[in-house]
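Read the structure below first, then the notes.
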Amino acid sequence: MDRASSIYKLFFVDKHLALVDTKKAMNISSRLVEELQLKESSVVAAIALLDEGNTVPFIARYRKEVTGNLTDNDLRRLEERLNYLRNLQARMDTVISSIEEQGKLTDELKEKIENAKTLAEVEDLYRPYKQKKKTRAVIAKERGLEPLAKTILKGRKERDFDTYLSTFVNPEKGVKDEEAALQGASDIIAEEISDNADYRSFIKGFIARNGHLVSKEAKRDERDTYHLYASFNEKLSSLRAYQILAINRGEKQECLKVKLEYALEPITKHIAYDYTYRNDFADFLDKTILDSLNRLILPSVENEIRGELTEKAEDASIEVFKKNLKSLLLYPPLKGKVVLGFDPGFRTGCKYALVNENGIPTKVGVVNITAASKAEIERARVEILNLLSHNKIDYIALGNGTASRESEAELSKIIKDNHLPVKIFIVNESGASVYSASKLGEAEFPELSVEKRSAISLARRLQDPLNELVKIEPKAIGVGQYQHDMNQTKLEDSLSKVVEDCVNSVGVNLNNASPSVLQYVSGINKAIAQNIYNYLKENGKFEKRADLKKVPKLGPKAYEQCAGFLRVYGGSEPLDTTSIHPESYPAAKAILKATKIDIQNDSVSLKEAKLEGFDLKAFSAQYGVGEETLHDIVEEIKRPGRDLRDDMKIVELNQEAKDIKDLKPGMILNGTVRNIMDFGMFVDINVHQDGLVHISEVANKFVKNISELYSIGDVVKVKVLSVDVEKKRIGLSIKQVSAE
């Protein structure tokens, strides 16, 4: 048996290692190749690596030659589909086994089940063979009415049919008269029609192609949230994800009444062709078909269609959420900068925290700069001026919540009047209170109140968004749409994988990492993360990566997976500051020796000069190391410990407008992209309420995916189109600015 077949034959099912039929495994791999448009060799290798317990970040970074350079996105898609197809295969096997035990499995049925593309198709095929509850058809069969149903289906009404019908009347069994007998026969036939997988497939396809989703207003909430859907009618095939999720929420809140509309006649004709053609009981069967549709088929098919629409909408929204989250987490850090975190408020005052360049708070306090009393405001101004004048502060990280704009006006005036070299940066507060009130926040700063912890978190978000935001549940960060209406398990799993990919792509300073960050490193779980942190506290620091082997419960496999993503600075091994994996140290050291490079002291330009004559291909052949791996090693040698995140973009705040009441249609303002949805993006224009750039106003061309043009944190120029002060709605345009 060749290597490919060997890999196919061994894989995981339900978390247990199991030998499965090679043909089934090959079928799964073939489907993955077809669906994902990847090379067969790449798919086979990736499956084998995943089954061996390797993580996606590890495979993407350190097994490029094995997978043919699959990216982390390729691997995530493959992993997701692999799990689905294996679950599908397991369900197929269960269904086939169950039908076979009943002695009803035919070759044709088995082939249909094995060729099913979805779990829904498998369940439709299994429907006639499932153990049924006490349905009307089951009761009718118990009353002895099945022969009558079969006679009607044969379609020949004999002269003595009335006499034949009377033989089924049996009050003791609950058949009181001929009418009851016919009703029972109708129930049996209706269920037979309902159990037909081909009919269900046809009906589902017909409605999906031709049906409309219709919503009507049932009641109006205070903000008239669902005004767009008060009289809504859209073809199912044209629905957008945000529309589906919005309508679902409106229906759940009883603000909307929702239904599917479609022509019934083509469906009844399709079924009637099989049942009423040349049948003496055609009128009877027409009524039975309608009963089967209205009572049994259409309610469940409509539920399935709505469920599938919701699932697709959730998947689309999760993709938007993932892209937004990735942009936010990979936003450039402010390295070596001192930041004043400022959490604005009215009633409880404004909390501030002076955080040094290492992320350590050195001064925490409260000022009443937004108070009603002029005396309190003046005292607050003096305290802030002293704070800014006597400390080297580079930035103020100002939260965008309540009293943000009022605080920004006061801070800007103090900075301007006193010619201070401090810049204000508006920071999204979403999730800050979640962290502040969490056990993690309490453990980190037990002596501080929840509000003061928020100010520290805001400062750290500006200094290093990734390190701070990993402390917060991803869905609480506030860069998604309708996240509370989705399948929470799917959402959390998807977002945690984004965090994992971001953490590993950036790398982690082992001697300066919290358990919150460590748990996202490849191969490390919460328990091992805590053990690493405990080791650090007990021993002061890690001298080299190899010291990780001393951490309890961190075995050889975990070390293999995590070592390349954890950096040790100032230790005994210079290569520990790079993303070069320890398994590649011999190759890296051979390159350093051959090129006479001093990895710590040579400049980038000197290293590049020394590498000019280096023959990568010859080295690869001599040392048996793949060219992709060697290329990554060379890049790390040039810039050891480099951060893939770019320099920070500074947002210049608008001075023209401070409040939504100051806005006038036609104004051109700077803004910062705060959130991207599939229907548009929200932009902060410094008036406390984000404005919406609808997808139709993003560019002078058709835009299918806004994330392909913009990311969270981007600075954009916008034109104010409309302002609704009462409803706090601002309409903005980007394309009209560029047009002007």
Side-chain angles (χ1 to χ4, degrees), residues 53-58 61-62 329 333 335 355-361 435 438-447 453 456-457 460 463-464 466-473 496-497 499-585 588 599-600 636 640-643:
N54 297 289
T55 68
V56 166
F58 176 82
R61 176 72 187 181
Y62 299 113
L329 293 177
K335 293 180 179 177
V355 179
N356 70 15
E357 59 272 17
N358 296 317
I360 299 170
Y435 157 74
S438 68
K439 290 182 180 178
L440 178 60
E442 185 180 354
E444 204 168 358
F445 303 108
E447 73 284 357
R453 291 178 203 148
I456 297 170
S457 180
R460 287 177 167 180
Q463 289 178 321
D464 194 333
L466 179 59
N467 276 329
E468 192 61 24
L469 291 173
V470 293
K471 300 175 183 177
I472 302 164
E473 192 178 17
S496 67
K497 287 174 180 175
V499 179
E500 181 185 358
D501 289 341
C502 289
V503 167
N504 288 287
S505 64
V506 171
V508 173
N509 183 345
L510 187 53
N511 286 321
N512 190 29
S514 68
S516 304
V517 177
L518 288 169
Q519 69 180 339
Y520 287 106
V521 174
S522 169
I524 296 177
N525 56 30
K526 284 186 178 180
I528 296 176
Q530 190 61 50
N531 288 346
I532 292 173
Y533 188 70
N534 293 341
Y535 180 95
L536 185 62
K537 287 197 296 184
E538 292 167 9
N539 297 277
K541 66 174 185 175
F542 287 87
E543 292 293 337
K544 53 186 182 296
R545 277 172 169 163
D547 290 342
L548 282 164
K549 297 175 182 178
K550 301 175 185 177
V551 174
K553 295 185 179 179
L554 199 156
K557 188 66 177 179
Y559 177 76
E560 177 195 50
Q561 299 296 301
C562 75
F565 302 105
L566 295 168
R567 317 285 168 78
V568 177
Y569 297 94
S572 56
E573 174 54 75
L575 292 175
D576 284 349
T577 65
T578 72
S579 66
I580 299 171
H581 197 281
E583 68 186 11
S584 295
Y585 280 5
I599 191 172
Q600 290 178 295
E636 283 297 313
R642 72 184 177 92
D643 195 324

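Only heavy atoms go into these numbers, but all of them, side chains included; no hydrogens, no water, no symmetry mates.
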Ignoring hydrogens and angles, tell me if any N or O in the side chain of [X] forms a donor-acceptor pair with the backbone of [Y] under 3.5 Å.
{"X": "Asn504", "Y": "Pro57", "answer": "no"}
{"X": "Tyr62", "Y": "Gly564", "answer": "yes"}
{"X": "Arg453", "Y": "Tyr435", "answer": "no"}
{"X": "Asp547", "Y": "Phe542", "answer": "no"}
{"X": "Asn358", "Y": "Ile360", "answer": "no"}
{"X": "Thr578", "Y": "Pro640", "answer": "no"}
{"X": "Asn531", "Y": "Val551", "answer": "no"}
{"X": "Glu560", "Y": "Asn54", "answer": "no"}

Approximate separation, where rounding is to 0.5 Å, of [X] [atom1] and [Y] [atom2]:
{"X": "Phe565", "Y": "His581", "atom1": "CZ", "atom2": "NE2", "answer": "7.5 Å"}
{"X": "Leu518", "Y": "Leu510", "atom1": "CG", "atom2": "CG", "answer": "7.0 Å"}
{"X": "Asp643", "Y": "Ser505", "atom1": "CG", "atom2": "OG", "answer": "9.0 Å"}
{"X": "Gln561", "Y": "Leu554", "atom1": "CD", "atom2": "CG", "answer": "11.0 Å"}
{"X": "Ile580", "Y": "Tyr585", "atom1": "CD1", "atom2": "OH", "answer": "7.5 Å"}
{"X": "Asn509", "Y": "Thr577", "atom1": "CG", "atom2": "OG1", "answer": "10.5 Å"}

Heavy-atom distance under 4.5 Å between the side chains of [X] and [Y], does that happen here?
{"X": "Gln463", "Y": "Val355", "answer": "yes"}
{"X": "Val568", "Y": "Arg545", "answer": "yes"}
{"X": "Cys502", "Y": "Leu466", "answer": "yes"}
{"X": "Asn511", "Y": "Tyr569", "answer": "no"}

With a sphere of 6.0 Å drawn around CD of Glu573, does it hold more than 12 non-hydrogen atoms of other residues, nucleotides or ligands? yes
Under 6.0 Å from the NZ atom of Lys526, do we count more than 12 heavy atoms belonging to anything else shown?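 Atom NZ in Lys526 is not packed in, count stays at 12 or less.
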Could you tell me which non-hydrogen atom of [X] sits nearest to which non-hydrogen atom of [Y], and how far apart they are?
{"X": "Phe58", "Y": "Ser522", "value": "CB-OG, 3.8 Å"}
{"X": "Ser572", "Y": "Pro574", "value": "O-CD, 3.6 Å"}
{"X": "Pro515", "Y": "Ala529", "value": "O-CB, 3.8 Å"}
{"X": "Ala513", "Y": "Tyr533", "value": "O-CD1, 3.6 Å"}

Do the charged groups of Lys550 and Glu538 touch, with an N to O distance under 4.0 Å?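 Answer for the salt bridge query: no.
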Run the side chain to side chain contact (heavy atoms under 4.5 Å, CB included) check on Glu500 and Thr55 step by step: do they pass? CA-CA 10 Å; Glu500 181 185 358; Thr55 68; 4.2 Å; yes
Do Ser579 and Glu636 have side-chain atoms, one donor and one acceptor, less than 3.5 Å apart? yes
Quick one: list whatever passes side chain to side chain contact (heavy atoms under 4.5 Å, CB included) with Glu447, sequence neighbours left out.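 Residues passing side chain to side chain contact (heavy atoms under 4.5 Å, CB included) with Glu447: Phe445.
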